[in-house]
Visitor: 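Please read through the structure below; I'll follow up with questions.
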Amino acid sequence: MTAAHQEPAAPAPSDFIRDLVAQDVAHRRYPRIVTRFPPEPNGYLHIGHAKSICLNFGIARENGGQCNLRMDDTNPAKEEVEYVDSIIADVQWLVAGWADHCLGFKPKGATPAAVTTNGQPDFYLAPAPKSKVQIPNSKIGTEPFFASDYFGQIYTYAEALIEKGRAYVCDLTPKETEEYRGSPDRPGRDSPFRQRSVAENLDLFRRMRAGEFPDAARSLRAKIDMASPNIWLRDPLLYRIRHVAHHHTGDAWCIYPLYDFAHCLSDYLEGITHSICTLEFEVHRPLYDWILENLNLPRALPHQYEFAKLNLGYTIVSKRRLLQLVQEKVVTGWDDPRMPTISGLRRRGIPASALRRFAATIGVTKYDSVTDVALFEHAVREELNPAAPRRLAVLRPVKIVLTNLPAGETVTCDAVNHPADPAAGTRPVPLTREVFIEADDFAEVPPPKYFRLRPGGEVRLKYACIIKCDEVVKDAAGRLVELRCTADLTTRSGGPNADKKVKGTIHWVSATHCLDAEVRLYDRLFTVPEPAAAEDFLKVVNPKSVEVVAAKLESTLATARAGECFQFERLGYFTPDAKDSPAPASGSRPVFNRTISLKDAWGKGPAA
RNA sequence: UGCCUGAUGGUGUAAUGGUAGCACAGGCGACUUUGACUCGCCUAGUCCUGGUUCGAAUCCAGGUCGGGCAGCCA
């Protein structure tokens, strides 16, 4: 984006969660609103996470609060630092210029501090001062929150539960545990180890921690109710034994807390007020509350709220399946521009503001829906249209010889940089004897209502003049070689016949001044509206999701850099590829990605 | 057949007992040196059956249909 672009002055969004937050604010139930975005670092963030980020950061922003970025890293078997790095980069990019002042990071290495709250011992981990939030990853700087930084504290809470008789060490095997749990319509049975003494539980739990037992030999369980209609209240597991190194804590632990135990406590330790998650955690909420309520915690407790995650048409929004696409090399990586990952979308040229606009458009509800991709595409065009400078580029060139223009002569034309913004100015584009036009813009046998170039017909070269097609030259095989046309220079802007009307105006570039480039044209990755519902989603991958063309660009595009977005007139929005673009001035062909085509009422489909 | 939860045009949503509105998509038209943008007009909806009420998308009851939950995943 070359032009600074402000967030649209839209009315503050409203939804059922924001309404609840507003009530809590009105009743002063918390000193400050604190939310969190808690991804597990086992994959890259995608557009569904973008919805959640916009919700959590949006609420923080609208209430003068803060939103902590927290790695929910309690399962070392699946997690990697590559993922934590990508998550940090993606969140910062998405939030930049919008809610970075709300982004909660902690001082590097910080863990919850012992404090006294209302005369009671307590633990709390404050975010870093705002001034330092901008420099994550430096040695003395800040970093995201990590659930794994709370393992010590969580362990202490586990012992507290044991001492209260609310948790016990269970020796059932995983298989037996499943059998004892019962089923949704059949109550479970008590574990034979349920009545162990506090002393024995404490001893066993400490020995679990000390590494005396092999994986899965024992577990720590909450003692709640094996007959509960809610499966998650049937003595859920709190801790499991896993002799595995952790990406953040190394070999410090061989027992790891499960999500249900770690999450609510992480929220509490960070002073989270509103813990917002997706619908599948609804049945876990009673457990979330049970754990916190059974620990006599002195500060106000966080509460969990659930919303429907995003489902997008023609798209897969599932880390597991996205990982499959990467592993099976259906795409080139997590940041392939066809991927709905935040890094893929960014590389594709989608601005962060478009993701935010999209999030605001779809709102937040508990209704499980499939959002039409058209809503997303609209948000992208809404952001790009006012911001993207216009350029001329020909994707599938056809040569035109302007027979009345001498070779070597250059007619300099003025092209406007943005039709809606005179301040963007103009740039010179050279008209020469040989130019390229789009293959689509000539039809030897035009269909009805076709108003571009045809044999004997006239068309305007945008910003230049009207030309007439005198002759169609073909080779022996009948393939089009070139079009021989005459240019009517009196129809140039400012010329005596400038106002002459022709039905069509087409884009073009000078054959002698243009730049060769590789342009990648992307289409949807799947051929069906709901690939997630397909028997095998890999079988509905669109075989034509990318097409690479050798294009001719106006020479001013030589200095374009990744991150900048241009509208190639009549075609769509394009951006230099951040990974494959050659170094500037290297002389190699630049590589552009098509972010999105222009709407096309004529072709009724993706342009070009 | 257990528990939790939801249902408003094709899609996403608003209306919080008082005129069912907005956006997208679709259609028609105006404008146009982008078949874009912009502008105007149009199409199209409260899951069903009862009940409460002067008045129900909203409250109540019963149904129907959808989603979620039985990992030592999150």
Side-chain angles (χ1 to χ4, degrees), chain A residues 14-16 19 38-40 42 72-75 77-79 170 172-174 177-178 181-188 215-221 228-234 236-242 255-256 258-260 262-263 277-286 306 308 313 319-320 358 361-379 381 385-386 390 392 415-416 419-420 449-452 460-466 491-493 498-507 567-572 597-604 607:
Chain A
S14 168
D15 54 65
F16 76 100
D19 290 348
E40 182 188 13
N42 66 345
D72 205 359
D73 54 353
T74 57
N75 184 4
K78 292 186 174 178
E79 298 151 8
C170 180
L172 253 23
T173 65
T177 304
E178 187 187 329
R181 185 156 35 224
S183 62
D185 54 350
R186 182 166 45 86
D215 286 2
R218 297 186 212 265
S219 63
L220 183 74
R221 295 231 249 163
S228 171
N230 183 338
I231 295 276
W232 293 100
L233 258 21
R234 322 242 265 227
L237 271 75
L238 267 20
Y239 262 95
R240 81 281 230 183
I241 301 172
R242 274 297 106 91
I255 59 172
Y256 294 95
L258 278 103
Y259 166 84
D260 289 294
H263 202 91
C277 60
T278 48
L279 253 26
E280 65 266 30
F281 292 101
E282 219 155 17
V283 287
H284 293 242
R285 193 184 339 130
E306 309 88 11
K319 270 198 268 187
R320 187 178 62 77
F358 174 59
T361 299
I362 60 177
V364 179
T365 66
K366 300 186 80 153
Y367 179 57
D368 188 29
S369 60
V370 180
T371 298
D372 191 336
V373 264
L375 293 181
F376 174 64
E377 292 171 349
H378 176 73
R381 295 191 180 104
N385 176 237
R390 313 283 121 127
L392 294 175
V416 311
K449 291 197 181 168
Y450 184 83
F451 43 80
R452 286 109 95 170
R460 177 177 284 277
L461 296 185
K462 185 147 194 185
Y463 305 126
C465 63
I466 292 172
T491 59
R492 289 185 63 202
S493 184
D499 292 336
K500 179 173 174 182
K501 300 293 178 198
V502 282
K503 200 67 176 143
T505 298
I506 63 174
H507 57 278
Q567 184 193 104
F568 292 178
E569 296 214 40
R570 302 209 311 130
L571 295 172
S597 66
L598 252 27
K599 269 175 68 178
D600 184 6
W602 165 253
K604 277 289 186 300

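Labels below follow one simple rule: chain letters A, B, ... track the order of the sequence lines, proteins then strands, and each chain is numbered from 1.
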Visitor: On a whole-Å scale, what distance lies between the P atoms belonging to rG40(B) and rA56(B)?
Guide: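 Roughly 34 Å separates the two P atoms.
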Visitor: Check whether any side-chain nitrogen or oxygen of Lys599(A) sits under 4.0 Å from OP1 or OP2 of rC37(B), and answer yes or no.
Guide: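 Indeed, a polar side-chain atom of Lys599(A) lies that close.
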Visitor: In Å, rounded to the nearest 0.5 Å, how long is the span from CG of Leu237(A) to OG1 of Thr177(A)?
Guide: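 Atom-to-atom, Leu237(A):CG and Thr177(A):OG1 are 6.0 Å apart.
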Visitor: Could you check if a side-chain atom of Arg181(A) sits within less than 4.5 angstrom of a side-chain atom of Leu172(A), using non-hydrogen atoms only?
Guide: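 Side-chain contact under 4.5 Å: no.
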Visitor: As an exercise, state the distance from CG of Asp368(A) to CD of Glu280(A), rounded to the nearest 0.5 Å.
Guide: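 One gets 9.5 Å once the value is rounded to the nearest 0.5 Å.
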Visitor: Below 3.5 Å between N/O atoms, which protein atoms pair up with nucleotides 28-33 of chain B? Just atom names and distances, please.
Guide:
{"residue": "rU33(B)", "atom": "OP1", "partner": "Lys501(A)", "partner atom": "NZ", "Å": "3.3"}
{"residue": "rU33(B)", "atom": "O4'", "partner": "Thr505(A)", "partner atom": "OG1", "Å": "3.4"}
{"residue": "rU33(B)", "atom": "O2", "partner": "Tyr463(A)", "partner atom": "N", "Å": "2.7"}
{"residue": "rU33(B)", "atom": "N3", "partner": "Arg460(A)", "partner atom": "NH1", "Å": "3.2"}
{"residue": "rU33(B)", "atom": "O4", "partner": "Arg460(A)", "partner atom": "NH1", "Å": "2.8"}
{"residue": "rU33(B)", "atom": "O4", "partner": "Ser493(A)", "partner atom": "N", "Å": "3.2"}

Visitor: Can you tell me how far C1' of rU11(B) sits from CZ of Phe358(A), to the nearest Å?
Guide: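 Result: 11 Å.
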Visitor: Syn or anti for rG71(B)? Use the chi torsion, O4'-C1'-N9-C4 for purines and O4'-C1'-N1-C2 for pyrimidines, with syn inside 90° of 0.
Guide: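 That one's syn.
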Visitor: If you check the Ala601(A) side chain, which of rU11(B), rA36(B), rU34(B) turns out closest?
Guide: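 Nearest to the side-chain atoms of Ala601(A), counting from C-beta on, is rA36(B).
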Visitor: Looking only at atom types and distance, does a side-chain atom of Asn230(A) sit under 3.5 Å from a main-chain N or O of Val283(A), one as donor and one as acceptor?
Guide: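 Yes, the answer is positive, given that a donor and an acceptor are paired below the 3.5 Å cut-off.
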Visitor: Reckon Arg390(A) touches a base, only the sugar-phosphate, or nothing at all at heavy-atom distances under 4.0 Å?
Guide: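 Base contact - Arg390(A) has a heavy atom under 4.0 Å of at least one base atom.
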Visitor: Would you mind reporting whether Leu375(A) and Phe358(A) have side-chain heavy atoms less than 4.5 Å apart?
Guide: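 Yes, at least one pair of side-chain atoms sits under 4.5 Å.
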Visitor: Once salt bridge (charged side-chain N to carboxylate O under 4.0 Å, His left out) is applied, do any residues pair with Glu282(A), and if so which ones, sequence neighbours excluded?
Guide: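 For Glu282(A), the residues satisfying salt bridge (charged side-chain N to carboxylate O under 4.0 Å, His left out) (neighbours in sequence not counted) are Lys366(A).
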Visitor: Out of curiosity, Lys319(A) NZ to Asn42(A) CG, how far, rounded to the nearest 0.5 Å?
Guide: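 Answer rounded to 0.5 Å: 4.0 Å.
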Visitor: For a quick check, with a 4.0 angstrom heavy-atom cut-off, what is the B/S/- contact string for nucleotides 64-74 of chain B, read 5' to 3'?
Guide: ---SBSBSBBB
Visitor: What distance separates Asp15(A) CG from Thr365(A) OG1, expressed to the nearest 0.5 Å?
Guide: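 The OG1 atom of Thr365(A) is 9.0 Å from CG of Asp15(A), to the nearest 0.5 Å.
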Visitor: Please give the distance between the P atoms of rG45(B) and rC39(B) as a whole number of Å.
Guide: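 Their P atoms lie roughly 26 Å apart.
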Visitor: May I have the distance from Arg285(A) (atom CZ) to rU5(B) (atom C1'), rounded to whole angstrom?
Guide: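 About 10 Å, once rounded to whole Å.
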Visitor: Return the CD to CZ distance between Glu306(A) and Arg285(A), rounded to the nearest 0.5 Å.
Guide: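 Reported to 0.5 Å precision, the distance equals 4.0 Å.
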Visitor: Is there, by distance only and without an angle test, a donor paired with an acceptor across the side chain of Glu306(A) and the base of rU5(B) below 3.5 Å?
Guide: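 Looking at the base of rU5(B), it does not pair with any donor or acceptor on the side chain of Glu306(A) (distance under 3.5 Å).
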Visitor: Mind checking Arg452(A) for me? I need base, sugar-phosphate or nothing, with any heavy atom below 4.0 Å counting as a touch.
Guide: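 If one applies the 4.0 Å heavy-atom cut-off, Arg452(A) turns out to touch a base.
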Visitor: Please verify the inter-ring angle class for His284(A) with Tyr259(A); under 30° counts as parallel, over 60° as perpendicular, anything in between as tilted.
Guide: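 Correct class here is perpendicular.
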Visitor: Assign a letter to each nucleotide of nucleotides 13-23 of chain B from its 5' end: B, base within under 4.0 Å of a protein heavy atom; S, sugar-phosphate only; -, no contact.
Guide: SS-B-------
Visitor: Quick one: are Val416(A) and Tyr463(A) in side-chain contact, heavy atoms under 4.5 Å?
Guide: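 When only atoms from C-beta onward are counted, Tyr463(A) and Val416(A) do touch, with a gap below 4.5 Å.
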Visitor: When you compare rC42(B) with rC60(B), how far apart are their P atoms, in angstrom units rounded to a whole number?
Guide: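 That atom pair is separated by 37 Å.
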Visitor: Is a salt bridge present between Glu40(A) and Lys78(A), judged by a nitrogen-to-oxygen distance below 4.0 Å?
Guide: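 Salt bridge absent between Glu40(A) and Lys78(A).
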Visitor: How far does the P atom of rA25(B) sit from the matching atom of rU16(B), given to the nearest Å?
Guide: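 Comparing P positions in rA25(B) and rU16(B) gives a spacing of 28 Å.
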Visitor: Just by distance, do the side chain of Arg460(A) and the backbone of Arg492(A) share a donor-acceptor pair under 3.5 Å?
Guide: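 No; zero donor-acceptor contacts below 3.5 Å.
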Visitor: Taking all atoms of both residues into account, what is the closest heavy-atom pair of Arg452(A) and Ile506(A), and its distance?
Guide: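 Minimum heavy-atom contact is CG-CG2, 3.8 Å.
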Visitor: With no hydrogens and no angle check, is any side-chain donor or acceptor of Arg234(A) less than 3.5 Å from a backbone partner on Ser183(A)?
Guide: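 The answer is yes, because a donor-acceptor pair under 3.5 Å joins these two groups.
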Visitor: I'd like the C1' distance from rA30(B) over to rA36(B), given in whole Å.
Guide: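 So the two C1' atoms sit 16 Å from each other.
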Visitor: For Asp185(A) and Ala374(A), find the nucleotide of RNA chain B closest to each by heavy atoms; which residue's nucleotide sits nearer the 5' end?
Guide: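 The residue mapped nearer the 5' terminus is Asp185(A).
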Visitor: Could you walk me through whether Arg218(A) and Ile255(A) pass side chain to side chain contact (heavy atoms under 4.5 Å, CB included), step by step?
Guide: CA-CA 10 Å; Arg218(A) 297 186 212 265; Ile255(A) 59 172; over 6 Å; no
Visitor: To the closest 0.5 Å, what do you measure between CD (Glu569(A)) and NE2 (His507(A))?
Guide: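 Result: 9.5 Å between the selected atoms.
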Visitor: Which whole number of Å gives the distance between the C1' atom of rC72(B) and that of rA15(B)?
Guide: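 Rounded to whole Å, the distance is 47 Å.
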Visitor: For a quick check, with a 4.0 angstrom heavy-atom cut-off, what is the B/S/- contact string for nucleotides 39-46 of chain B, read 5' to 3'?
Guide: --------
Visitor: Please work out if Tyr256(A) contacts a base, only the sugar-phosphate, or nothing of the nucleic acid, heavy-atom cut-off 4.0 Å.
Guide: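 No contact at all - Tyr256(A) keeps every heavy atom at 4.0 Å or more from the nucleic acid.
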Visitor: Using atom P of each nucleotide, how far apart are rG51(B) and rC69(B) to the nearest Å?
Guide: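 My reading of the P atoms in rG51(B) and rC69(B) gives 39 Å.
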Visitor: When you compare rA74(B) with rU38(B), how far apart are their C1' atoms, in angstrom units rounded to a whole number?
Guide: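 Approximately 47 Å lies between the C1' atom of rA74(B) and that of rU38(B).
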Visitor: Quick one: stems for RNA chain B, with Watson-Crick or G-U pairs under 3.5 Å, at least three in a row?
Guide: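 B:2-7 with B:64-69, B:10-13 with B:21-24, B:26-30 with B:38-42, B:47-51 with B:59-63 - these are the stems of 3 or more pairs that involve RNA chain B.
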Visitor: So Pro286(A), base contact, sugar-phosphate only, or nothing? Heavy-atom distance under 4.0 Å.
Guide: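 Nothing, no heavy atom under 4.0 Å.
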Visitor: Tell whether Arg186(A) reaches the base of rG2(B) with its side chain through a donor-acceptor pair below 3.5 angstrom.
Guide: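 Not at all, since no donor on one side and acceptor on the other fall under 3.5 Å apart.
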Visitor: With a 4.5 Å cut-off on side-chain heavy atoms, are Leu598(A) and Gln567(A) touching?
Guide: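 In contact.
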